[in-house]
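Not measured: the values here are computed from a predicted model. Below, chain A is the first sequence line, B the second, and so on; all start at residue 1.
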Amino acid sequence: MRSKKSRLNDSDSSTAPKRRKGKTSTDDHAGANVSLGLMREFVSAIFDVGLKHASPSAIMEFMHPNPNITSERVKSHLQKYRKNRDKSRKEFMTSYENSLQGFKIVQEKISMMTRVRIGEDSLVVRLQLIAPISCHRREE
DNA sequence: GTCGGAATAT
DNA sequence: CATATTCCGA
């Protein structure tokens, strides 16, 4: 019946209720890297189960049973994995779109130059005024 | 009660 | 920045 723990911790964080995870030792030491093999396994498992259906439990199915690995840890790694993935995709998309736009601009200039060479001056000027962006046909 | 995921904390 | 913990909805 104690406090409901509002979203933001209502100050008073002194009596650390944090429960430290019992270090079951087994293999991991070196606080720096929390097991490399496990990370490898994790990613590999994601490929196995498929990106679409990747869920903590599903991923764990494809990993060697390890008492240290809990669904919560997998879940956390999944979150990180997805975040990185989204970031990569976004970056790729923007760079790709930028490339496309640059290409379009070049195309426009080229077609304009072509028209200048072909047409009479007055006609070209009017064309440019009316239709700055021309649609070109490529069939046959 | 569990599970998955986002939000938040360390 | 990586990992852990918490909150919340199916």
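Residue A:I110 is found in a hydrophobic cluster whose other members, listed by chain and number, are A:V106; membership requires side-chain heavy atoms under 4.5 Å apart, directly or through intermediates.
Between A:R85 atom CZ and B:dA6 atom C1' the separation is 17 Å, expressed in whole Å. To the nearest angstrom, P of B:dG5 lies 15 Å from NE2 of A:H77. Rounded to an integer number of Å, the gap from A:L38 CG to C:dT3 P is 11 Å. Atom CG of A:L78 and atom P of C:dT3 are 13 Å apart (whole Å). With rounding to whole Å, A:I46 atom CD1 is found 13 Å from B:dG4 atom P. Rounded to whole angstrom, the span from the NZ atom of A:K83 across to the C1' atom of C:dA4 amounts to 13 Å. Straight-line distance from the CZ atom of A:R82 to the P atom of C:dA2: 17 Å, rounded to whole Å. The NZ atom of A:K75 sits 16 Å away from the P atom of B:dT8 (whole-angstrom rounding).
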Quick one: side chains of residues 52-63 of chain A, donor-acceptor pairs under 3.5 Å with protein atoms, not counting sequence neighbours, listed by atom name and distance.
from	atom 1	to	atom 2	distance (Å)
A:S55	OG	A:A58	N	3.4

Donor-acceptor contacts under 3.5 Å from residues 92-104 of chain A side chains, at least two apart:
from	atom 1	to	atom 2	distance (Å)
A:T94	OG1	A:K90	O	3.3
A:T94	OG1	A:E91	O	2.8
A:S95	OG	A:F92	O	3.2
A:N98	ND2	A:T94	O	3.3
A:S99	OG	A:S95	O	3.0

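Between the side chain of A:E72 and the base of C:dA4, no donor-acceptor pair under 3.5 Å is found. Judged by atom type and distance alone, A:Q79 does not reach the base of C:dA2 through any side-chain donor-acceptor pair under 3.5 Å.
Here A:K80 does not reach the OP1 or OP2 of C:dC1: none of its side-chain N or O atoms lies under 4.0 Å away. For the pair A:R73 and C:dT3, the criterion of a side-chain N or O lying under 4.0 Å from OP1 or OP2 is not met.
A:E41 CD to A:I69 CD1: the interatomic distance, rounded to the nearest 0.5 Å, is 8.0 Å.
Remark: nothing in residues 48-62 of chain A comes within less than 4.0 Å of DNA chain C through any heavy atom.
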Going through the checks in order, is the side-chain contact (heavy atoms from CB on, under 4.5 Å) test met by A:R89 and A:D86? CA-CA 5 Å; A:R89 182 178 57 187; A:D86 289 353; 3.9 Å; yes
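For A:L51, the side-chain contact (heavy atoms from CB on, under 4.5 Å) criterion is met by A:I46, A:Y81, A:R85, not counting sequence neighbours. A search for side-chain contact (heavy atoms from CB on, under 4.5 Å) contacts involving A:K80 returns A:M39, A:N84, not counting sequence neighbours.
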